[in-house]
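Here is the structure we will look at.
Numbered from 1 within each chain, the chains take letters A, B, ... in sequence-line order.
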Amino acid sequence: MAIMANVLGLIFADMHDFTITDLTKLRTMGSVPYGARYRLIDFTLSNMVNSGITEVGVVTKSNYQSLLDHLGSGGEWDLSRKSGGLHLLPPYGQGAGLYRGRMDALFGVMGFIVSSNAEYVLMSDTDVIVNIDFKKVVDFHEEKQADITVVYGSGNYNGNEMPTKTVLTTDNDGRINEILLRPEITGEEVNTSMNMFVLKKDFLLKLIKENAARSQFSFEVDVLQHKLSDYKIFGYKYECYYEQVDSMLSYFSANMALLDRKNLSALFDNDRPIYTKVRDEAPVKYGIDARVKNSLVADGCVIEGTVENCVIFRGVRIGREANVKNSILMQDTKVGDRSEINYVIADKNVTIGGYKSLIGTSDYPVFVGKNSHV
Amino acid sequence: MLLAGGQGSRLYALTQDMAKPAVPYGGKYRIIDFPLSNCVNSGIDTVGVLTQYQPLVLNEYIGNGHPWGLDRVHGGVHVLPPYESAAGKKWYSGTANAIYQNISFIDRYNPNYVAILSGDHIYKMDYSKMLDFHKKNDAAATIAVLEVPWEEASRFGIMNTDENSVITEFVEKPKEPKSNLASMGVYIFSWDILKHHLIKNENDRDAEKDFGKNIIPAMLSEGSKMVAFPFNAYWKDVGTIDSLWEANMDCLNPNVNLDLYDHNWKIYSRTPIMPPHYTGMNCKIENSMVSEGCIIDGEIDFSVLFAGVKVEEGASVRYSIIMPNTVIKKGAVVEYAIVGEDCVIGAECEVGKPPEALEDKDNWGVAVIGHQVTLSDTTVINPKAMISVDN
């Protein structure tokens with residue numbers, strides 16, 4: 001049985017930024033708002049903490065101001081500690097700047113990894129929304145005596161979107177025998193990587209040095225694919241509910257999925273809470289003519305109009321007789337009296353005046369950028 | 001120095017296991033959040049919280065003071081229970097005695113001024129303006145006062161002042177009030193003068209060791225300069241079931257001058273770790289406050305729901321206050337009621353009734369369910385009833 005205090009968590013906050021450029025223009029993937037009061041990184045970070053990991057490094061590349069602001073000293077995740085705790089790892093040192101792949105990023109933070117006393121490293125991106133017990137993954141890794149364990153799930157994906165997923169197949173024992181990067185998927189059920197990996201610290205350090213010497217920057221290409229037969233690379237199948245964000249449309253549907261009570265309770269209704277930054281907002285106030293239906297609403301909102309099938313973030317104001325449906329309104333967005341909103345994603349602090357109409361469609365929600373006035 | 005040891009005996013079942021300042025209020029707060037947040041927002045970074053009655057909930061709630069930004073290297077928040085010393089064991093025997101017993105705590109910080117606040121009032125106030133007023137007037141003590149309706153003046157400690165706001169007379173609950181300026185229980189003292197009076201009062205065997213009854217009159221009779229600082233926003237003493245209910249309903253009243261959404265004067269509180277609240281397909285929520293972690297499938301009207309409350313389909317909650325993690329089961333009707341923390345109101349229960357439903361208005365009142373009570377299905381709880389775990 002794994003002792004989770006021996007596991008170092010490493011979160012890559014910038015991976016997959018390119019899949020949702022509208023939302024990552026001004027922030028990292030990890031700090032993309034999600035689910036009415038969270039940022040994507042909250043899930044992986046909370047999962048690590050709830051699994052017993054007490055030392056976490058967050059690797060960033062650029063646009064990390066909002067991430068720093070969100071994470072602070074890590075106190076909200078109980079990671080403000082004398083030993084271990086949360087470490088933010090922005091670009092640093094010689095040739096610092098934009099890394100060219102996961103191995104390159106790891107080379108940049110090698111000093112941090114070396115200084116940890118951990119036996120294992122758990123690496124995770126922030127594109128997956130899940131409530132997972134990482135202890136089971138590390139136990140699996142030990143049991144299989146794997147060199148690398150890749151967490152994966154399975155699902156059907158249609159071929160309409162830009163291919164972004166890492167698709168894999170395993171043998172009966174769980175050993176991965178094929179890995180494809182961004183293949184075209186046409187509706188069949190496939191196993192896709194959740195971009196979470198476990199490996200021994202010493203083994204990881206060996207890989208980092210080898211790859212650096214050969215100027216190989218990608219973990220997926222240069223390790224998972226090219227060393228598939230050299231190393232014991234296993235897949236841990238995660239069977240429960242999760243969402244993976246890899247396009248604006250999947251971002252939209254991952255939010256809307258929370259309006260299904262099964263999904264909501266799979267993520268939140270257990271003894272592994274999802275932590276986030278506290279904003280000290282008052283409870284939601286519903287006005288005298290408010291109508292609300294099938295929605296998720298975070299603290300600090302004042303709602304005087306109609307809200308249906310929506311995810312409403314903290315501090316949103318919805319005016320009298322305004323009609324908001326099928327939309328995601330991020331922090332501090334204001335909708336004026338009698339405005340009509342349908343299939344809209346409004347980034348933070350958007351102001352929509354009174355008597356306005358903004359209508360998208362279910363397969364192409366309208367995106368309104370941060371601080372915009374409509 | 002925040003006086004938080006009060007029992008709040010007129011809140012009965014609600015204060016059975018917790019001191020009055022720890023009683024939940026306004027959908028996510030506890031009463032003490034108001035004076036604590038006022039301190040922080042006014043720039044006071046060293047706060048002593050004096051506890052005595054049922055301090056467990058309060059101690060745990062305040063913790064290291066982090067939610068209020070009071071986990072400081074210098075100062076911060078300190079919970080100050082009564083203690084045993086070489087001179088013996090002594091409970092706090094009055095408000096003045098409580099401060100007297102903590103003179104050495106205050107002296108450690110060597111302050112020029114000390115604010116004495118009570119931990120059980122709902123209001124937003126900038127104490128720094130009051131301190132400016134205190135300094136400008138070169139006063140020994142400044143007492144915050146509120147204009148109350150003349151007909152209610154005889155329920156308060158009333159200040160008579162001259163044209164310069166200098167207090168000329170202080171009368172506790174006067175039968176024939178000469179003024180309608182009531183003390184809010186918010187004082188600023190110059191510390192050396194207060195210390196002198198605390199020691200003197202302590203040595204007077206007959207004194208009740210109370211600020212209103214002893215310290216203020218003694219200072220007046222010695223001719224210390226005391227001024228009244230006028231306050232004219234929302235202030236509420238939530239000492240009774242009715243006033244606690246009213247104060248919560250005030251949160252829903254757009255005409256009440258208590259803005260909980262003002263980012264320039266936030267009321268901080270310890271936030272439970274819960275997801276946003278979910279409103280179901282067939283729910284109806286009007287003129288209410290709903291907090292995080294709630295799941296609402298029933299009807300909510302003119303009510304305040306704390307974190308983690310569940311209202312099942314067909315249930316309705318009207319003119320009521322539902323404290324954290326309580327479940328209202330299918331078809332239950334809760335009206336004009338205060339329901340405590342962690343309760344279960346069984347299916348088809350009826351709790352409370354509107355005043356118009358009763359012929360004899362004297363028998364009407366807000367129904368109260370204490371904390372951790374489970375009502376089996378179809379139980380009927382009359383208006384004005386008081387249910388607690390013990391009975």
Residues, nucleotides or ligands: over 12 heavy atoms within 6.0 Å of B:Lys330 NZ: no

Heavy-atom distance under 4.5 Å to chain B: side chain of A:Val302, backbone, both or neither? side chain

Enter the distance from A:Tyr286:OH to B:Thr279:OG1 here, rounded to the nearest 0.5 Å. 5.0 Å

Can you tell which of A:Glu308, A:Arg314, A:Glu76, A:Arg261 has the highest number of heavy-atom pairs within less than 4.5 Å of chain B? A:Arg261

I'd like to know whether CD of B:Glu60 has more than 12 heavy-atom contacts from other residues, nucleotides or ligands below 6.0 angstrom. no

I'd like to know which of A:Ile274, A:Leu296, A:Asp299, A:Leu267 tops the heavy-atom pair count under 4.5 Å against chain B. A:Asp299

Picking from B:Ser291, B:Pro276, B:Gly26, which has the most non-hydrogen pairs under 4.5 angstrom with chain A? B:Pro276

Sub-3.5 Å donor-acceptor pair from the side chain of B:Tyr261 to the main-chain atoms of A:Pro283, do we have one? yes

Donor-acceptor under 3.5 Å (B:Lys266 side chain, A:Arg279 main chain): yes

Where on B:Cys294 is there a heavy atom nearer than 4.5 Å to chain A: the side chain, the backbone, both, or neither? neither

Drop me the distance from B:Ile273's CD1 to A:Trp77's CH2, to the nearest 0.5 angstrom. 10.0 Å

Does a sphere of radius 6.0 Å around NZ in A:Lys135 hold more than 12 heavy atoms from other residues, nucleotides or ligands, not counting ones at 6.0 Å or beyond? yes

Closest heavy-atom pair and its distance - A:Glu281, B:Lys28: O-NZ, 2.7 Å

Less than 4.5 Å to any heavy atom of chain B: does that hold for the side chain of A:Tyr38, its backbone, both, or neither? side chain

Rounded to the nearest 0.5 angstrom, the NE2-CG distance for B:His263 and A:Asp280 is 9.5 Å

In terms of heavy-atom pairs under 4.5 Å with chain A, which of B:Lys284, B:Met274, B:His66, B:Glu292 leads? B:Glu292

Chain A contact via B:Ile300 - side chain, backbone, both or neither, heavy atoms under 4.5 Å: neither

Top of B:Ile285, B:Val304, B:Thr271, B:Leu305 for chain A proximity - count of heavy-atom pairs under 4.5 angstrom: B:Ile285

Other residues, nucleotides and ligands only: do more than 12 of their heavy atoms fall within 6.0 Å of NZ on A:Lys334? yes

Under 4.5 Å from a heavy atom of chain A, the part of B:Ser269 involved: backbone

Separation of B:His277 NE2 from A:Ile312 CD1 (nearest 0.5 Å): 9.5 Å

Given a strict heavy-atom distance threshold of 4.5 Å, which part of B:Tyr29 is in contact with chain A: side chain, backbone, both, or neither? side chain

Between A:Val278 and chain B, which part of the residue has a heavy atom less than 4.5 Å away: side chain, backbone, both or neither? side chain

Honestly, the part of A:Ile288 sitting under 4.5 Å from a heavy atom of chain B is both

Taking side chain as everything from C-beta outward and backbone as N, CA, C, O, which of these in B:Asp297 sits under 4.5 Å from a heavy atom of chain A? Side chain, backbone, both or neither. side chain

With chain B, which of A:Arg291, A:Lys285, A:Glu304 has the greatest number of heavy-atom pairs at distances under 4.5 Å? A:Lys285

Need one label for A:Ile303: side chain, backbone, both or neither, based on atoms under 4.5 Å from any heavy atom in chain B. neither

For atom CZ of A:Arg320, decide whether the heavy atoms of other residues, nucleotides or ligands shown that lie under 6.0 angstrom number more than 12. no

Is there a side-chain contact between B:Tyr278 and A:Asn294 (heavy atoms, below 4.5 Å)? yes

